[in-house]
Amino acid sequence: MEENIKVGVSSCLLGNRVRYDGGHKRDRYITDVLANYFLFIPVCPEVECGLPVPRETMHLEGDPENPRLVTTRNKVDHTARMQEFCTKKAQELENEKLSAFIFKKDSPSSGLHRVKVFGNSGQAQKKGRGLFAAAVVDKYPLLPVEEEGRLHDASLRENFIERVYCYHRWQSFLENEPDYKKLIQFHTRHKLQLMAHSPKHLSKIGKLVAAGKTLPRKQMLEQYQDLLMEALTLKATVKKNVNVLHHIMGHFKTYLSGDEKAELLEIIDSYARSYVPLVVPLTLIGHYVRKYQVSYLQDQAYLEPHPAELMLRNHV
Ligand code: SF4
């Protein structure tokens, strides 16, 4: 598995006392589990833009597309100060080569989804995005991003961490001056993973790669990464996974005995009916891949998209 995966994180989620009230919002899954796999780069936009701890609470006001950051009681407008910080910090983060960012939900600075934006009437719409989260997403549109609250949902968590590892592999791939041959190798390794998320994207990417040297290298890589990361944001449903499992079986069915085939089909069927999680058929498949040395499958990212110890496929 890859090492040195750097992930940006809202500082209060690590237990740092940077919140408006001098407290923190330590998230145990982040500090006790993910910290064993990722190197966290903490950012507290409110403190780093020069605001004190403790400080007056703030919220977003005005147009949800272009909101202002204003203190709730004294109505001090911190928008310009925060925007200046966001532009500078988003640029600085380029040096960190982040593979993802985990944001604190609901925050007017750090929240990623459905942050409250107050209108003139005092009514709030849950349509906003924290100013710093917006700056990061604008500057790094391919970067996997998520909120800590959503990481408590098993399927969102599995999807996010799968994207982090895949994006990190892509970043490492780019660092090694990839030529067309290396792109084909990368693509071959990710075919089943793409199929599990979006057969349509797999087909589009297949056509792109087949166009080969007719496209300039830079353009080819840019189009490839856009499609790759877009595909992975789509949910790998049970139906799509079952399709991939049957496809995998096609690669070694000539090796399997009648009993082995029947057992594997039965287990895939149990997964299709949600009697067992995805890890069950994949464990048996992994056993056969090793037993029969099926080289095409041995290298597939789909079979090992993230560390098994995270147990992400035990719950999807
Ligand atoms: S939510 Fe963001 S701005 Fe607020 S304390 Fe946490 S890191 Fe700082």
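Read the numbers this way: they start at 1 and go in the same order the structure lists the ligands and their atoms. One is the number of the first residue; the rest follow in order along the sequence. Source: prediction; values computed, not measured.
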For ligand 1, which atoms, with element, lie under 4.0 Å from some heavy atom of Val43?
7 (S)
Give the minimum heavy-atom separation between Ala133 and Phe103, together with the two atoms involved.
CA-CE2, 3.6 Å
Around atom 6 (Fe) of ligand 1, find the nearest protein heavy atom and jot down its residue, atom name and distance.
Cys12 SG, 2.3 Å
Assess Ser110: does it contribute an N, O or S atom lying under 2.8 Å from atom 2 (Fe) of ligand 1?
yes
Give me the nearest non-hydrogen protein atom to atom 8 (Fe) of ligand 1 as residue plus atom name, then the distance to 0.1 Å.
Cys44 SG, 2.3 Å
Ligand 1 atoms nearer than 4.0 angstrom to some heavy atom of Lys104 are 1 (S)
So, the side chain of Thr71 versus the backbone of Val76: is there a donor-acceptor pair under 3.5 Å, distance only?
yes
N/O donor to acceptor pairs below 3.5 angstrom from side-chain atoms of residues 271-285, sequence neighbours left out:
residue : atom : partner : partner atom : Å
Tyr271  : OH   : Asn241  : ND2          : 3.3
Arg273  : NE   : Asp269  : OD2          : 2.8
Thr283  : OG1  : Val279  : O            : 2.5

Of the listed options (His24, Arg19, Arg17, Glu148), which comes nearest to atom 5 (S) of ligand 1 when hydrogens are ignored and any heavy atom counts?
Arg19
Does at least one non-hydrogen atom of Leu13 fall below 4.0 angstrom from an atom of ligand 1?
no
Under a 3.5 Å cutoff, is there a donor and acceptor pairing between the side chains of His187 and Gln185?
no
Ser11 neighbourhood, listing ligand 1 atoms whose heavy-atom distance to it stays under 4.0 Å
7 (S)
Classify the side-chain pair Glu230/His201 by whether it contains a donor and acceptor separated by less than 3.5 Å.
yes
Is the positively charged end of Arg81 above the ring of Phe132, judged by distance under 6.0 angstrom from the centroid and angle within 45° of the axis?
no
